[in-house]
Amino acid sequence: MESSSAPARRGCVPWQGLLLAVSLLTFWSPPPTAQLTLELMPPNAAEGKDVLFLVHNLPEDLAGYAWFKGGRVDSTRQIASHRIDTQVNNPGPAYSGRETIYPNGSLLFQKVTLEDTGYYTLQAIKTHFHNEEVTGQLRVYPELPKPNITSSNSNPVEHKDPVVLTCEPEIQDTTYLWLINSRRVQNSPKLELSKDNRTLTLLRVTRNDIGPYECESRNPVSASRSDPLYLNVSYGPEDPTISPSVTQYRPGTNLSLSCHAASNPPAQYSWLINGKPKQSTQKVTIPNITVNNSGSYTCLVHNSVTGLNNTAVRTITVSAGKSSTGSSPWTIAGIVIGVLVGVALVAALVYFLFPRRTRRAGGLHDPREHRNPACIPGHGPSGTSASQDLEEEPPEAPGPGWGQELEPEPQNQT
């Protein structure tokens, strides 16, 4: 039983192995090979610089390479080819003398121009003629020049003229932006940018919009900014002011009035005195005025660019009464001198009177009053102090022989 069943078990082995092999072939496939790729270094090329198409993941069993200008293999647009076995480069119809193919298939472009912008195709040629291809794009940008700003009106009138500013020159693939007072500009009710941002429109210009304005141009390889531009905005004249504010004067003084009004360009000034033209100056001066110079003084201001006018009136009164200007310098000087003289007189009186009183109060009397009381008749040691006596009653007049030695009386001779 066992011998007959053994061949049957052995006969089942090949079928099981076949089924396992079929299963493995069905569910397993070899890993894919890495795809051939190109890397441009640098990614954005500046005009006049060098760039490199660096090749990655080259296939095996290569016989050589070929580079073409364009998005496909075209023998009429072949730049160059390279044979690996001989290490020889063969130029093609599109070769310019600035291209070099390296042994690893990479392509060097020297001093690229704007005309070099476009697609480039690498063909990897295998020994069994199963070739692979990959295409890359080269973008060449110019080094941007310094831009400049042009203005539709560099001398606009306030609240009247719009202004259009343009950033020059216009360059393809370039981004533009604007700055006012070093701040980036965006659309607003007063400012309007074009779609490409190359023009800036000021819809309502005021005196605060003089600038500075700057434009900046950018591309992936460079950026440049213009010199600042200022607008000369004409405005005014505003309400003029007359100075000084004094309205009353005394006869014989000098009258000087000055007029000022905010304006650009500066306003033109003229005066009317009691309705009669006086002079076309900013300041009017009348020396040694009289009561006949009383009246209205009108300042007229005019802006020749805006065409606007404005006026201010000051009424002047000349009378013998007190001037609104207050005390004159001579009056003030007289008051000061009078005060100084009074102070000097008081000081002199004090100087002459004060020393006498101090001498009496301090006991400074005639030297005779300081003799010893014992030597003065009528004063003995038991009397009161000399100072008290001197204060209560005047000193006694000196007796005969005061200040002389007493001689002895002569004796009578019998």
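Judged by distance alone, the side chain of Asp161 and the main-chain N or O of Val157 form a donor-acceptor pair under 3.5 Å. Without hydrogens or angle criteria, Asn303 side chain to Asn264 main chain gives a donor-acceptor distance under 3.5 Å. At distances below 3.5 Å, not a single donor-acceptor pair connects side-chain atoms of Arg77 with backbone N or O atoms of Gly92. Not one N or O on the side chain of Asn197 forms a donor-acceptor pair closer than 3.5 Å with the backbone of Leu177.
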### Task
Check the pair Lys283 / Ser256 against side chain to side chain contact (heavy atoms under 4.5 Å, CB included), numbers first and verdict last.
CA-CA 7 Å; Lys283 187 175 182 180; Ser256 180; 2.8 Å; yes
### Task
Given ring pair (Phe, Tyr, Trp, His ring centres under 6.0 Å), test Tyr213 with Tyr230 step by step and report yes or no.
CA-CA 7 Å; Tyr213 296 86; Tyr230 292 86; 8.4 Å; no
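Contact of the Gln137 side chain with the Tyr120 side chain is not registered, since no non-hydrogen atoms from C-beta on lie closer than 4.5 Å.
Between the side chains of Gln186 and Arg184, no donor-acceptor pair of N or O atoms lies under 3.5 Å. A donor-acceptor pair shorter than 3.5 Å cannot be found between the side chains of Thr174 and Asn219. In summary, the side chains of Thr199 and Ser194 do present a donor paired with an acceptor at a separation below 3.5 Å, with no hydrogens or angles considered.
The local environment of CZ in Arg139 is sparse, with at most 12 non-hydrogen atoms from other residues, nucleotides or ligands closer than 6.0 Å. Around CZ of Arg72, the count of heavy atoms belonging to other residues, nucleotides or ligands within 6.0 Å does not exceed 12.
Checking each of Ile101, Thr121, Val73, Asn89 against Trp67 for a side-chain contact (heavy atoms from CB on, under 4.5 Å) leaves exactly one that passes, namely Ile101.
Applying the salt bridge (Lys or Arg N to Asp or Glu O under 4.0 Å) test to pairs two or more places apart or on separate chains, those with a residue in residues 212-231 are Lys146-Asp227, Glu216-Arg218, Glu216-Arg225.
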